[in-house]
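Reading through the structure tokens given below for one structure.
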Amino acid sequence: MPDILQILDFYSVEGPEETCTVAHPLIHQMLTRTLITGISFALTIVPAFGAYKDDVRYTELANELNLRGTTVPSGVGVNVTQVEGPEATNAYLPNALNIEFATVNIVDQGGSGLASNHATWVGRNLYGSSTSLTPDIDTIDVHDANDWLNDWRTGTPPIEPNPLQNQSWATWLEDFGLNSSSMTLRMDYASVRDSFLPIVGLYNSDYGSQTIPSDIPGVYGCIYNGITVGVSDGTHRTGVTIYDGAGRVKPEIVAPGRIPGLSSTAQYTSYATPMITSAAALLIDAADSNTSSKKPLTLKAILLAGADKAISVNWDQTTTRPIDDVYGAGELDIYESYFIQQAGQQTVGSSIDERGWNLTTLARRGSDDYDITVPSGFKLRNLSALVTWNRTVSSNFFSTSLANISLTLIDSSSTIQSSDSAVDNIEHIWRDSSNALSAGNYTLTVAHSANSTVDYALAWRSELYQDYSLWSSSVFTANTPVDLRDADDDPDADGIKNLLEQAFGGDPEAQDLDILPISETIEDNGQSYLQISYRKPEFENGLTYTVETVTDLNGTWSSLSSEVELISIVSESGGFDRYTYRLVDPISAADKAFIRVEISETP
């Protein structure tokens, strides 16, 4: 089998000055050792890896879990397959001597591999101890993509023992007189047979023409039963598939694709792809013993439903195009995806929570309903619901079938929004803050008309919202005159203004001093500290809570993290969390100190 693949990005670090040669594309062709076109420039090594973790909300997630006393998932016990296009003959392995790989077991499935810079950078984003979301991934099985082509192009594909595949390479077999469908059929077949999720990158923007649909690579950009990945800045190949199911929009999700540890802002799909694979590994770890929540279909639905649309002001969809034609479902948001998973499986016919998922079977000509209730005095905004299902491939690879499922949001009398693509195997409903659902009853319906059953995964997230106007419209009775319902009023004369009643979950018509923040002095390691705690609703309420301190009441209050810090978040009954803040310096550091919580309406 000739070498006919594209490494999505290739970099070589040369010498102590760490000058990086950038070459793209690198294509190994029949009877040709290497064809490289590109430019060279110097890049400065930078130590920080936090920026992209901030972008995908990993830092926010890790901080919150730590404050709640919950272990941050890190990929413990997860094994991954990494397929690499060689930079040169047999050069497809991550550098096992890299300090970031000290605890991972890298297995060379080819038996004679050499170190590759491309594979090393992919590895750092996937399982690097400092760079990745999942530094505790256990074993990485690494394959040369040329060997992979030989094994997967004809016959029955080998058994895949791992739950995830990372494919940071691409090719278009038609350019060599071969058929990409032979590869995509086998990938879709094996992914169901062996229950794994393939995660693959598209071409970068510097390869091919942006205007022709063939820029969606057949291998493996055209698969159904996996996730195709682009980069957050949109500089990847865009278009629709033209073989093995024409007209499907790719990619399905985007992620930051910067080279780990380098200051360049350029993004490449090779390094975005392992970020999605790492996120999937995090969710597998977080699932623990919940088998259904780490099934490939469930993982795909959760990752896509959690994706952030704010990556582009131009993000859009239509009734027949479920996702954006550049950014897919949006940018990876591991915070939302984690909490979708943790909200748990919720069954057909139930009244669903703000977040959740289900993995189930749709009956012949079936219709499954999920009820949504928006309480009085609330709106439901940023609703993202996504359903996905697999293509079925026969064991002889001669026939396929794909269900045509629709996803519909209805109220008591009419359809509000629907997603019904004739070609895609995902459907998606997205409603941002400007299209929030008012108080009332709604239904999400998953349906199809075929005389066959089909397994599907549905995942969703949303946000109950109640600003002061909504709150005041629902809490006051006729006992409170209209002129005592403003934010600064105190109709029950308990010294707590209405705005603070809203902030801390009080009743403006009953005296309830127990809702107020609690300040106290605590002992820690022989030192005394001043701290304050307050309770806050789990839903968004249009308020900003700011804890401030000052040593002189005539001075300026400060909320700097160097002076006051959040130390814990604890769930309480009734849908509230208790936030506890503490002064950084002990009481002995000043003659006196004061601490307070300031509440303001968010603009």
Side-chain angles (χ1 to χ4, degrees), residues 354 373-382 432-441 462-520 530-560 563-564 566 569-583 593-603:
E354 293 170 68
T373 300
V374 183
S376 175
F378 286 86
K379 287 186 176 181
L380 190 74
R381 63 185 190 180
N382 297 330
D432 62 16
S433 297
S434 65
N435 290 294
L437 299 178
S438 300
N441 296 314
S462 58
E463 181 182 273
L464 272 179
Y465 176 75
Q466 183 186 64
D467 60 13
Y468 184 82
S469 176
L470 289 166
W471 178 81
S472 63
S473 71
S474 62
V475 297
F476 292 113
T477 68
N479 295 327
T480 301
V482 174
D483 60 358
L484 290 179
R485 298 182 183 185
D486 290 340
D488 289 334
D489 292 328
D490 180 16
D492 57 6
D494 61 358
I496 306 174
K497 295 180 178 181
N498 288 335
L499 186 68
L500 300 183
E501 297 272 12
Q502 179 206 359
F504 302 127
D507 181 347
E509 297 183 334
Q511 297 193 353
D512 44 9
L513 297 179
D514 57 339
I515 69 167
L516 290 173
I518 300 170
S519 60
E520 58 188 333
L530 183 62
Q531 71 178 31
I532 192 169
S533 68
Y534 62 87
R535 68 178 200 158
K536 176 184 177 182
E538 292 176 346
F539 56 80
E540 290 298 319
N541 61 3
L543 300 178
T544 299
Y545 298 67
T546 306
V547 176
E548 300 176 319
T549 184
V550 72
T551 56
D552 184 340
L553 289 177
N554 293 319
T556 301
W557 291 85
S558 170
S559 61
L560 294 175
E563 298 185 44
V564 60
L566 177 62
I569 304 173
V570 178
S571 295
E572 294 188 340
S573 61
F576 289 86
D577 289 324
R578 182 162 293 275
Y579 289 71
T580 300
Y581 283 78
R582 178 186 298 178
L583 295 190
F594 306 89
I595 193 169
R596 73 180 183 185
V597 181
E598 182 179 73
I599 305 297
S600 59
E601 294 188 78
T602 304

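We count residues from 1, following the sequence as given.
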Measuring only between side-chain heavy atoms, which start at C-beta, is R381 closer than 4.5 Å to E540? yes

I496 vs D512 side-chain heavy atoms within contact, under 4.5 Å: yes

Do Y545 and Y579 have ring centroids that are under 6.0 Å from one another? no

Does any donor atom in the side chain of T549 or S558 lie under 3.5 Å from an acceptor atom in the other side chain? no

d(E501 CD, Y468 OH) to nearest 0.5 Å is 9.5 Å

Just jot down the salt bridge (Lys or Arg N to Asp or Glu O under 4.0 Å) partners of R535, sequence neighbours excluded, or say none. none

Considering all heavy atoms, the nearest S469-S472 contact: O-OG, 3.1 Å

Roughly how far apart are I599 CD1 and T546 OG1, rounded to 0.5 Å? 7.5 Å

In Å and rounded to the nearest 0.5 Å, what is the CG to CD distance from D490 to Q511? 8.0 Å

Sorted by first residue and then second, give each ring pair (Phe, Tyr, Trp, His ring centres under 6.0 Å) pair with at least one member in residues 483-510; sequence neighbours left out. none

Verify side chain to side chain contact (heavy atoms under 4.5 Å, CB included) between V564 and I532, making sure each step is shown before the conclusion. CA-CA 10 Å; V564 60; I532 192 169; over 6 Å; no

D467 vs N541 side-chain heavy atoms within contact, under 4.5 Å: no

I want to check something: taking the side chain as every heavy atom from C-beta on, are L566 and R582 in contact at a cut-off of under 4.5 Å? no

Under 3.5 Å, side chain of E548 to main-chain N/O of R596, donor-acceptor pair present? no

Shortest non-hydrogen pair, S473 vs G377, comes out as OG-CA, 4.5 Å

Just so I know, are the side chains of F539 and F378 near enough to count as touching, which here means a heavy-atom distance under 4.5 Å? yes

Let's go through E572 and D577 carefully: what are the C-alpha distance in whole Å and the side-chain angles of both, what is the deciding distance for side chain to side chain contact (heavy atoms under 4.5 Å, CB included) to 0.1 Å, and is it a yes or a no? CA-CA 5 Å; E572 294 188 340; D577 289 324; over 6 Å; no

Backbone of S434 reached by a side-chain donor or acceptor of D432 within 3.5 Å: yes

Could you measure the distance from the OG1 atom of T580 to the CD atom of E520? Nearest 0.5 Å is fine. 7.5 Å

Cut-off 3.5 Å, side chains only: do R578 and S533 have a donor facing an acceptor? yes

Over-ring placement of K536 relative to F576, 6.0 Å and 45° cut-offs: no

Tell me, do P537 and L464 make a side-chain contact under 4.5 Å, heavy atoms counted? no

Find out whether I595 and Q531 are in side-chain contact, i.e. whether some heavy atom of one side chain is under 4.5 Å from a heavy atom of the other. no

Closest heavy-atom pair and its distance - P508, V475: CG-CG2, 3.9 Å

Between atom CG of N498 and atom CG of D489, what is the distance when rounded to the nearest 0.5 Å? 6.0 Å

Please assess L513 against D494 for the test side chain to side chain contact (heavy atoms under 4.5 Å, CB included), listing each intermediate value before the final yes or no. CA-CA 7 Å; L513 297 179; D494 61 358; 4.3 Å; yes

Geometric class of the W471/F476 ring pair [parallel <30°, tilted 30-60°, perpendicular >60°]: perpendicular

T480 and E509: side-chain donor and acceptor closer than 3.5 Å? yes

Nearest heavy-atom neighbours spanning Y581 and V547: CD1-CG2, 3.4 Å

Measuring only between side-chain heavy atoms, which start at C-beta, is E601 closer than 4.5 Å to L499? yes

Member of V374, N382, L380, L470 meeting the side-chain contact (heavy atoms from CB on, under 4.5 Å) criterion with Y465: L470

